[in-house]
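Okay, so here's the structure we're looking at.
As the structure is a prediction and not an experimental result, all values here were calculated from the model. Every chain is numbered from 1, with letters handed out A, B, ... down the list of sequences.
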Protein chains: 2
Amino acid sequence: MKEFLRTKGFKMTPQRELIFRSFFEMEQHVSVDELYDKVRSIDRSIGYSTVWRNLKLICRVGLAQEVSMGDGITRYDRLTRVPHGHLFCLGCKKVIEFNADQIVGVLAQTAVENDFSNKGFKVEVQGFCAECRAKGAVDSFETESVS
Amino acid sequence: MKEFLRTKGFKMTPQRELIFRSFFEMEQHVSVDELYDKVRSIDRSIGYSTVWRNLKLICRVGLAQEVSMGDGITRYDRLTRVPHGHLFCLGCKKVIEFNADQIVGVLAQTAVENDFSNKGFKVEVQGFCAECRAKGAVDSFETESVS
DNA sequence: AGTGAAAATGAAAATCGTTTTCATTTAGAC
DNA sequence: GTCTAAATGAAAACGATTTTCATTTTCACT
Ligand SMILES: [Mn+2]
Ligand SMILES: [Mn+2]
Ligand SMILES: [Zn+2]
Ligand SMILES: [Zn+2]
């Protein structure tokens, strides 16, 4: 890792090391606050902006990608070898990942057809998970006006 | 339109009428500010929050969808009968739309497999357009550290 | 047409995640 | 060791989005 960063022109610091390591130990879709809390529990002296800047760096070097999803919070999603998409539940906000190999193939083709270089992609399906549909939390969007 | 809204439980007002009409006359991917400016040029008395609220309403009734794309500005994208995805140029920020019928088919299938109801989707490819690649604006991301 | 309740509006302020500033410290090439 | 560019931390700035609240307006129902 240290070498990897150095070749890209970045220095290694204790803070950076801890932040990077923690990030890759966490669950998918980490927010700045979440990572900040985790890192803080180990080193109380690390600043918020340092965490933020390093998360940006992780993206810059191609190890993660920013993702949004409705609420105004930016999350950081590790880029895995096997590309994936997101099923986002509008009810409970949960995210399910699914293999997007096939779709990525189509997208790559689309990029070529439009003379675009393909540096990344995002695939998201919004809907309601089984649990939320069961609870009837669904359609509170269309059928908002109930008696 | 008036009827359409009324059946959903919303009232019609002169402001709303102007905002809706203007929105559908504009180019794709309209921001609040852009629509506000347009509407303002016709009726100086309309407030920003009214424009904002009506844009939200347009989404709520299923006529548009919020989209992001890097910069922190929310844009509103009309939902067309034929589903489309976005090719987003990281260089000049331009957006090219492409037919996503095929992909949506696959996504619908994916939703079913995961017991998810499909209420919408987003498909985005990030990369560099032909012009930006020609200008060499590309890879200023990887090859940031030039002599 | 008149009335009342609910919805909509406009101006201003509040929110709040993100980003920048700046003084200071540190990494690492030479 | 020196030196320079990069990194850090605290605090402030930013800025788009969202809320508040007093006032106005719509429209279902007399
Ligand atoms: Mn993910
Ligand atoms: Mn579009
Ligand atoms: Zn759910
Ligand atoms: Zn371009």
Side-chain angles (χ1 to χ4, degrees), chain A residues 1-22 29-37 39-40 42-61 64-76 144-147, chain B residues 1-20 22-23 29-37 39-40 42-61 64-76 144-147:
Chain A
M1 185 71 251
K2 181 170 180 176
E3 248 334 290
F4 172 72
L5 282 178
R6 188 176 299 151
T7 63
K8 299 233 174 194
F10 301 104
K11 296 176 177 176
M12 184 47 72
T13 65
Q15 295 91 333
R16 176 160 294 166
E17 166 138 26
L18 175 56
I19 292 169
F20 272 57
R21 187 152 44 71
S22 298
H29 315 137
V30 183
S31 68
V32 181
D33 284 347
E34 287 166 357
L35 183 54
Y36 176 63
D37 286 344
V39 157
R40 257 319 188 80
I42 299 172
D43 180 345
R44 300 286 305 171
S45 72
I46 293 184
Y48 183 92
S49 46
T50 299
V51 174
W52 178 80
R53 282 186 287 237
N54 275 291
L55 234 15
K56 286 284 187 184
L57 180 60
I58 289 172
C59 291
R60 194 127 40 102
V61 298
Q65 184 183 45
E66 297 189 342
V67 294
S68 287
M69 256 137 201
D71 61 347
I73 296 180
T74 301
R75 290 172 173 284
Y76 296 81
E144 194 106 53
S145 48
V146 257
S147 55
Chain B
M1 183 72 254
K2 182 169 180 177
E3 247 336 288
F4 172 72
L5 283 178
R6 188 175 300 152
T7 63
K8 298 232 174 198
F10 301 104
K11 296 175 177 176
M12 182 48 72
T13 66
Q15 294 93 332
R16 175 161 293 165
E17 166 138 26
L18 175 56
I19 292 170
F20 272 57
S22 298
F23 175 71
H29 314 139
V30 182
S31 68
V32 182
D33 284 348
E34 287 164 358
L35 183 54
Y36 176 64
D37 286 344
V39 158
R40 256 323 188 76
I42 299 172
D43 180 345
R44 301 284 306 170
S45 72
I46 292 184
Y48 183 92
S49 47
T50 299
V51 174
W52 178 80
R53 283 186 286 236
N54 275 290
L55 235 15
K56 287 283 188 185
L57 179 61
I58 289 172
C59 291
R60 197 128 37 102
V61 297
Q65 183 182 46
E66 296 190 343
V67 295
S68 286
M69 258 136 199
D71 61 346
I73 297 180
T74 301
R75 290 171 174 286
Y76 296 81
E144 193 106 53
S145 49
V146 258
S147 56

- Task: May I ask you to say what Asn54(B) touches in the nucleic acid, namely base, sugar-phosphate or nothing, with a heavy-atom cut-off under 4.0 Å?
- Result: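 Sugar-phosphate, backbone atoms only, no base.
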
- Item | Touch class at under 4.0 angstrom, heavy-atom based, for Ser31(A) against every strand present |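 Here Ser31(A) touches no strand at all.
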
- Residues in salt bridge (Lys or Arg N to Asp or Glu O under 4.0 Å) with Arg16(B), at least two apart?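 Salt bridge (Lys or Arg N to Asp or Glu O under 4.0 Å) list for Arg16(B), sorted by chain: empty.
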
Value in whole Å for how far the [atom2] atom of [N] lies from [atom1] of [X]:
{"X": "Ile73(A)", "N": "dT18(D)", "atom1": "CD1", "atom2": "P", "value": "12 Å"}
{"X": "Lys8(B)", "N": "dA7(C)", "atom1": "NZ", "atom2": "C1'", "value": "18 Å"}
{"X": "Ile46(B)", "N": "dA12(C)", "atom1": "CD1", "atom2": "P", "value": "17 Å"}
{"X": "Asp33(B)", "N": "dA16(D)", "atom1": "CG", "atom2": "C1'", "value": "8 Å"}
{"X": "Leu18(B)", "N": "dT9(C)", "atom1": "CG", "atom2": "C1'", "value": "14 Å"}
{"X": "Leu57(B)", "N": "dT9(C)", "atom1": "CG", "atom2": "C1'", "value": "14 Å"}
{"X": "Asp37(B)", "N": "dA16(D)", "atom1": "CG", "atom2": "P", "value": "12 Å"}
{"X": "Asp43(A)", "N": "dG9(D)", "atom1": "CG", "atom2": "C1'", "value": "11 Å"}

- Which letters describe nucleotides 19-30 of chain C, given B = protein heavy atom under 4.0 Å from base, S = only from sugar-phosphate, - = neither? BBB-----BSS-

- Message: Strictly distance-based, threshold 3.5 Å: is any side-chain N or O of Ser22(B) a donor or acceptor partner for the main-chain N or O of Ile19(B)?
- Response: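 Judged by distance alone, no pair lies under 3.5 Å.
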
- Please determine, by modelled atom types, if Asp43(A) and Ser45(A) share a side-chain donor-acceptor pair under 3.5 angstrom.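 Yes, side-chain donor-acceptor contact under 3.5 Å.
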
- Item | Check: Tyr76(B)/Glu66(B) side-chain N/O donor and acceptor closer than 3.5 Å |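 Yes.
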
- Item | Lys2(B) and Glu17(B) ion-paired at < 4.0 Å |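 No.
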
- Message: Nearest 0.5 Å, please: how far is CZ in Phe4(B) from CE in Met12(B)?
- Response: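 Nearest 0.5 Å value for the CE-CZ distance: 10.5 Å.
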
